[in-house]
There are 2 protein chains.
Amino acid sequence: MGDKTTCDHIVEAADQLFYRQGYEHTSFSDIADAVQISRGNFYYHFKTKDEILDAVIDLRIGNTQKMLERWESEEEHPEDRIKRYIHILLTNWSKIKYFGCPVGTLCTELAKLNHTSQEEASKVFTLFRTWLRQQFILLGHKKDADALAMHVLAWSQGVATLASTFHDKKFVRKEVKQMCEWLKSYSNPLILGFRFEFCKNLTKMEF
Amino acid sequence: MGDKTTCDHIVEAADQLFYRQGYEHTSFSDIADAVQISRGNFYYHFKTKDEILDAVIDLRIGNTQKMLERWESEEEHPEDRIKRYIHILLTNWSKIKYFGCPVGTLCTELAKLNHTSQEEASKVFTLFRTWLRQQFILLGHKKDADALAMHVLAWSQGVATLASTFHDKKFVRKEVKQMCEWLKSYSNPLILGFRFEFCKNLTKMEF
DNA sequence: GCAGGCGTAGGATGATCGTCCTACAATAAG
DNA sequence: CTTATTGTAGGACGATCATCCTACGCCTGC
């Protein structure tokens, strides 16, 4: 309660419902019930459902920015920061288990609806992408930073998707561990360069 | 045409529409228009929308099985077979670009709808999983075969999700290349074991 | 005490949805 | 030719949806 407006409550309830039920499958009535507000009164706050969606996306963008800034201040080492991102898969397990990643699933749904706000929704991804890229740059991977960022994004997306279909926490734990090990191998570019060249030669060997 | 029944046409049209628009966003009218059939006549073939969904899932299961058997016969080496799977991301690029992976996106949607057929839909994933596992077993990774299969699934899923949000073919090509290189490192377990131990020691070194 | 704006309640509206019914065409069997 | 089966067409149905309207309560400033 406190200083939160009805408008805020609507957007927050919609945020949760869009995540749990999907955008299209969530009706005005659903949101109204959640906020304990008259259904018809929505028109005063939001003229269309799309407007609510845009507000939800803006909320998510804001929350993501705040979270990344927090991580920036709480973690000293870029590797630990990226680890923090990877570990969302475990810290948010109880939700991901059923509904997957809120960012990925919304983008996927909007793509199928051919919705106008597709691009706006993808900005949440871009936030993570830019942030991850910056961390990899700090780790000394200036040239590959963006590719590495996209790789982390893709990996975590895939794990989230399979997590919500198989509900298998062991699998998620295993993948998170692997991701952290992979990340470790990138946290010192010098050793990596050496190792990579060495291993390449090894795999080239034929029996 | 030929020997295909109206029922087959309905299921095939529904299959495509569910992929492109999503299950919920596809109405009876949409399918009817696609098949050029009267809307009300659906009741004769399928009593409910859920029945069409189940038929579509069965169709997908059948098609996937056929495809995997074909791959099994056309490719000699397990590594090439897995490569064939990985390369779906490129061969189906024109669709994945807009609609993502048909398997993953359907499972995601049904999860949000809390639909009865969730488990049935996940069987398509399980088909790939079992098949991939078998290939890894053939490559000599008996113990880790399932984890490796899940890893390939997750990786490709993540790439598909980001592909449909960013529409970036270069990214997909890069990831496919990486996946193939990663796969190569697993195609001979002896060399891998050696390399892995060696690299582990390397990364343990501190500056 | 009164006027006016802000926020709310609850229902009307038209469209669309899944579902279902009934009448009709077409083909095959008697 | 008649009959029955199989498939089709088109519309009716109740429900639900996003949207919109109007009437009402509450608070503030005069």
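Predicted model only: the values in this text are computed from it and were never measured. These values consider heavy atoms only, across backbone and side chains, with no hydrogens, waters or symmetry-generated copies. Just so we're on the same page: letters track the sequence lines, and every chain starts at 1.
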- Query: Is B:Tyr44 near enough to D:dT8 that one of its side-chain N or O atoms lies under 4.0 angstrom from OP1 or OP2?
  - Reply: no
- Message: Is there a side-chain contact between A:Thr6 and the phosphate of C:dG7, meaning an N or O under 4.0 Å from OP1 or OP2?
- Response: no
- Message: What I want to check is whether the side chains of A:Glu175 and A:Trp155 have a donor and an acceptor closer together than 3.5 Å.
- Response: yes
- Under 3.5 Å, is there a donor-acceptor pair between the side chain of A:Lys49 and the main chain of A:Thr26? yes
- Note on the structure: Exactly one candidate in B:Phe128, B:Trp131, B:Phe125 meets side-chain contact (heavy atoms from CB on, under 4.5 Å) with B:Thr64; the answer is B:Phe128
- Message: Can you tell whether the side chains of A:Lys123 and A:Glu120 come within less than 4.0 Å, N to carboxylate O?
- Response: yes
- Whole-Å gap separating C1' (C:dG10) and CG (A:Asp33): 14 Å
- Side chains of A:Lys97 and A:Ser164: is there a donor and an acceptor less than 3.5 Å apart? no
- Task: Measure from NE2 on B:His9 to C1' on D:dG7 and round the result to the nearest Å.
- Result: 15 Å
- Item | Nucleic acid footprint by protein, nucleotides 11-21 of chain C - heavy-atom cut-off 4.0 Å, B for base, S for sugar-phosphate alone | BB----SSSBB
- Report the nucleotide, chosen from C:dG10, D:dG10, D:dT8, that has the shortest atom-to-atom distance to any side-chain atom of A:Ser38. C:dG10
- Task: Mind telling me whether B:Phe28 and B:Phe42 have parallel, tilted or perpendicular rings, with 30° and 60° as the class edges?
- Result: perpendicular
